[in-house]
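Here is how names work: the chains are called A, B, and so on, in the same order as the sequence lines, proteins then strands, and each is numbered from 1. Just so it is clear, the structure is predicted and the values come from calculations on it, not from any experiment.
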Amino acid sequence: QPQQRGISSFFGRQ
Amino acid sequence: MFEAQMAQAALLKQIIESIRELITEATFEVSGTGMMLQAMDSSHVSLVALNLRSDGFQLFRADRPFSMGMNLNHMAKMLKCAGKDDTLTMRADEANDLVTFLFESPGNERLAEFELKLMDITSENLGIPDAEYSATVSMPSAEFQRIVKDLGSIGDTVEITVTKDDVRFAASGDIGNATIKCRQLLDTEKPEDRTLIEMVEPVNLTFALRYLINFSKATSLAPSVTIKLSTEMPVVVEYKLSDIGYVRFYLAPKIED
């Protein structure tokens with residue numbers, strides 16, 4: 001089953 | 001001092017209605033360029049980015065950058081009190097923790113003033129890279145809403161596949177499977193009825209449908225929606241607000257470990 005990723009793992013924290 | 005006037009209070013009401021289930025609290029950043037908001041949903045899987053440019057307002061004044069933290073459900077309660085054709089003026093200053101919404105009827109015979117308490121919200125802003133996407137699909141927003149709602153009754157996730165000929169949305173669940181295929185359609189009377197597929201390379205991604213269904217609450221804001229996809233990247237679902245800005249929703253994909 002594909003796992004849900006968090007959005008912050010793609011976009012860097014500012 | 002911050003002051004901004006919008007011809008239609010109904011526009012801000014619709015915008016807030018479309019995002020308030022996803023994000024209940026958010027900070028509006030006001031500056032000379034306009035009003036911006038960026039917030040993740042509570043599960044940190046999706047992100048809302050709203051941009052209202054200052055030139056899209058009838059009047060816009062922000063002496064210095066200013067943050068306004070608001071509970072969007074409380075904001076929605078007040079905006080619901082605006083008449084259908086009322087204008088909206090927002091006012092706030094740093095001295096007090098309030099933002100004022102003034103609703104004025106078209107004949108100026110009724111003026112309603114609502115003051116909303118501002119709040120301090122600790123949130124982290126994410127840097128969204130200006131990426132090139134592998135595929136961009138524009139389609140009527142009502143069509144996208146129908147697809148995600150229909151598939152939501154079949155399964156929890158949707159697999160979106162873009163090839164040069166079409167875009168496919170597929171879902172499966174306990175009762176069976178469904179695939180909806182949309183071909184490029186350019187020859188329409190109205191430009192917003194077009195389905196336009198721009199593909200650099202084919203993509204295939206899986207997303208949780210409940211977020212996409214939630215994004216489609218913004219359907220009434222724009223006749224068409226743009227969906228941008230790249231392999232193993234969040235999808236962007238964009239509703240353009242004519243003459244003033246956009247609402248963008250980002251959703252992280254589901255990826256095989």
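- Residues R5(A) and A252(B) share a closest heavy-atom pair of O-CB, 3.2 Å.
- Going from atom CD of Q1(A) over to atom OG1 of T157(B) covers 7.0 Å, rounded to the nearest 0.5 Å.
- Annotation: E232(B), atom CD; neighbour count of heavy atoms from other residues, nucleotides and ligands within 6.0 Å does not exceed 12.
- For D156(B), the CG atom sits in a loose shell: 12 or fewer heavy atoms of surrounding residues, nucleotides or ligands are nearer than 6.0 Å.
- Rounding to the nearest 0.5 angstrom, the gap separating the OG1 atom in T206(B) from the CD atom in Q3(A) is 12.0 Å.
- Within a 6.0 Å sphere centred on NZ of K240(B), heavy atoms belonging to other residues, nucleotides or ligands number 12 at most.
- Of all heavy-atom pairs between F11(A) and P234(B), the closest is CZ-CG, 3.8 Å.
- Looking at M40(B), the atoms closer than 4.5 Å to chain A (heavy atoms on both sides) all sit in the side chain, from C-beta outward.
- The environment of M36(B) atom CE is sparse: at most 12 non-hydrogen atoms of other residues, nucleotides or ligands sit within 6.0 angstrom.
- Of the candidates V45(B), I128(B), L47(B), I7(A) forms a side chain to side chain contact (heavy atoms under 4.5 Å, CB included) with just one, namely L47(B).
- Annotation: F10(A) is not in aromatic contact with Y250(B) [ring centroid separation under 6.0 Å not met].
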